[in-house]
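Since the structure comes first, as structure tokens, the remarks are kept for the end.
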Amino acid sequence: MLNSIYITKIVGIIFSVILFCGSYFSNPTAIQEEYASRRLAYQKQLKEEVSLIFNNDFVDLKEYVPDKNFFYLTGCEEPGAVLLLSPGKKFNTETLFLPIRDLEQERWTGFRMAPNQATAEKLGIQRVLSKEKLRTELSQLRMTKSKVYTNLSINSEKTLAGRTYSKLIATIKKWFPKIQLLDASSALGALRMEKSKLELDKMKKAVEITVEAHRKAAKTISSGKFEYQVEAVIEFEFRNRGATRPAFPSIIASGPNSTILHYMKNKRQMQPGDLVIIDVGAEFENYSADLTRTYPVDGHFTNRQREIYNVVLGAQEAALKQIRPGIRLGQNDVIQQAAYQYINNHGRDNDGQKLGRYFIHGISHHVGLEVHDLTSQASTLLKPGMVITIEPGIYIPQENLGIRIEDEVLVTDNGYQIISSALPRDSVAIEQLMLEK
Ligand SMILES: [Mn+2]
């Protein structure tokens, strides 16, 4: 039995430990907790290994975009930051390194976060130190034989972050010659494929903005107008509704351009009888949208255009029916097959040939922080919370006829939900949309 004095002492010690932890992490917000739990989940995947996750840096006057893996783990957009994660058996250490502030430079390029405890509390990250301390911190981890996972691809010169950091990486390799740099993208992809509520809210907002931009575009399209005029209306709508930027170069492809999958010059004058493919997406708080519709420039489809349009729509429906948890998404999967079979068994080209050969791209990709979102190579099965596109298309160059319909779909417990359903898909509804004022 314990003496009551000892009990008082023990209670006292426990109380001070709670107080200490409380001051160390003063009431993390729900958002801070979410980022902290992502870091924990990521570290669990890597077991005992160390990670260095680099953010992009600010380069000259070019538009600054944060690295999406870095953002996913921190919610931080500070240029030039580096996150060091060192999982341990008892305690995980997370340290964010920030560039030393240069007040003279800040007069040109703006305020930067300071490497101190106040920033740590703001971000909900254990420690925030000056980047100068990176070497000391790494040596304390006995890096001489460690593997280090990074978000820079092995061929790092290919990525913006890789180019920005090639000097730092070379320096780290010089400091620790035995270091083995490994690619963290598969571990990150595994986590990023399944979206949280916070992420879904942002993605739905990006979709909502993109739907509104499509609606405005539908009313703008007419023969005599240039593709870039439609692009201007769309991108005005993005920005005016709070999107940061287009998630990818806007595609406004009319007439013969509609048969070119990634046409993005957008400089042709639209002609009577053309179709125009509009494949655009807003980026909202770092999350992308990706929605495609095909409009008749005159406001009404010809019989032939409607015939092919309905084949594409039927293929999209056939693909949608396949979506549920457990279905494999990959090369030649059942979703792709369903769309291909539908296209190949409906309609003909002018030589009487089947149309399968005119469906020349993948039916689907994940969407998220990136428009073609990061995935895990190890796992291709659909799970609830994943968001994918369904985008069949038929492109017949000899008829100047290209049609694509693309929606975003959330995989649910039993099937799917189209999150872009506010935008009409049916050919008659498309014509009505173009008439609205
Ligand atoms: Mn797409």
Side-chain angles (χ1 to χ4, degrees), residues 68 189 192-193 195 199-200 202-214 217 230-231 234-235 238 243 245-253 257-264 266 275-284 286-295 309 312-313 315-320 322-323 327 329-333 335-340 343 358-375 380 382 386-395 402-411 416-425 430:
K68 296 300 173 72
R192 278 178 51 180
M193 285 195 289
K195 272 66 181 174
E199 293 186 289
L200 285 174
K202 290 180 182 185
M203 292 188 69
K204 284 176 181 171
K205 180 73 182 170
V207 164
E208 185 189 309
I209 294 170
T210 308
V211 166
E212 289 309 317
H214 259 285
V230 181
E231 177 185 10
I234 288 167
E235 294 186 5
F238 284 176
R245 57 181 78 84
F248 54 93
S250 300
I251 296 171
I252 320 292
N257 297 335
S258 68
T259 66
I260 301 165
L261 300 187
H262 282 166
Y263 170 83
M264 51 185 81
N266 301 348
L275 289 177
V276 56
I277 287 184
I278 298 193
D279 183 347
V280 294
E283 185 179 295
F284 178 77
N286 287 309
Y287 284 83
S288 301
D290 188 9
L291 299 180
T292 308
R293 288 293 182 271
T294 306
Y295 303 90
Y309 190 96
V312 178
L313 189 61
Q316 196 191 30
E317 290 295 345
L320 286 167
Q322 300 297 326
I323 298 175
I327 291 296
L329 192 69
Q331 276 221 317
N332 213 20
D333 54 48
I335 306 173
Q336 181 90 25
Q337 272 306 313
Y340 177 84
I343 288 171
Y358 300 104
F359 174 33
I360 53 175
H361 56 72
I363 184 86
S364 179
H365 56 82
H366 286 259
V367 198
L369 285 166
E370 280 149 306
V371 63
H372 292 165
D373 210 30
L374 191 67
T375 55
T380 55
L382 290 181
M386 291 183 173
V387 179
I388 59 171
T389 64
I390 294 294
E391 48 177 318
I394 294 176
Y395 312 90
I403 293 167
R404 177 162 69 252
I405 307 171
E406 176 179 33
D407 283 274
E408 280 185 46
V409 173
L410 168 67
V411 182
Y416 66 91
Q417 181 202 339
I418 302 177
I419 58 177
S420 48
S421 58
L423 190 61
R425 285 190 291 147
I430 292 278

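Order of appearance sets the numbers: ligands from 1, and atoms from 1 within every ligand. Residue indices begin at 1 and follow the sequence shown.
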* **Centroid separation Phe248 to His372 less than 6.0 Å** => no

* Count, waters excluded, of protein N, O or S atoms under 2.8 Å from the Mn ion (ligand 1) -> 4

* Apply side chain to side chain contact (heavy atoms under 4.5 Å, CB included) to Thr292 and list each qualifying residue two or more places apart in sequence or on a separate chain. => Ile277, Asp279, Arg404, Glu406

* Asked: Does the side chain of Pro246 reach to within under 4.5 Å of the side chain of Val280, using non-hydrogen atoms?
  -> no

* To do: Go through the structure and list residues passing salt bridge (Lys or Arg N to Asp or Glu O under 4.0 Å) with Asp407, not counting sequence neighbours.
  => Arg293

* Asked: Is it the case that Glu235 and Ser250 place a side-chain donor and acceptor less than 3.5 Å from each other?
  -> yes

* Structure fact -> Sorted by chain and number, sequence neighbours left out, side chain to side chain contact (heavy atoms under 4.5 Å, CB included) with Lys205 holds for Glu208, Ile209, Phe284

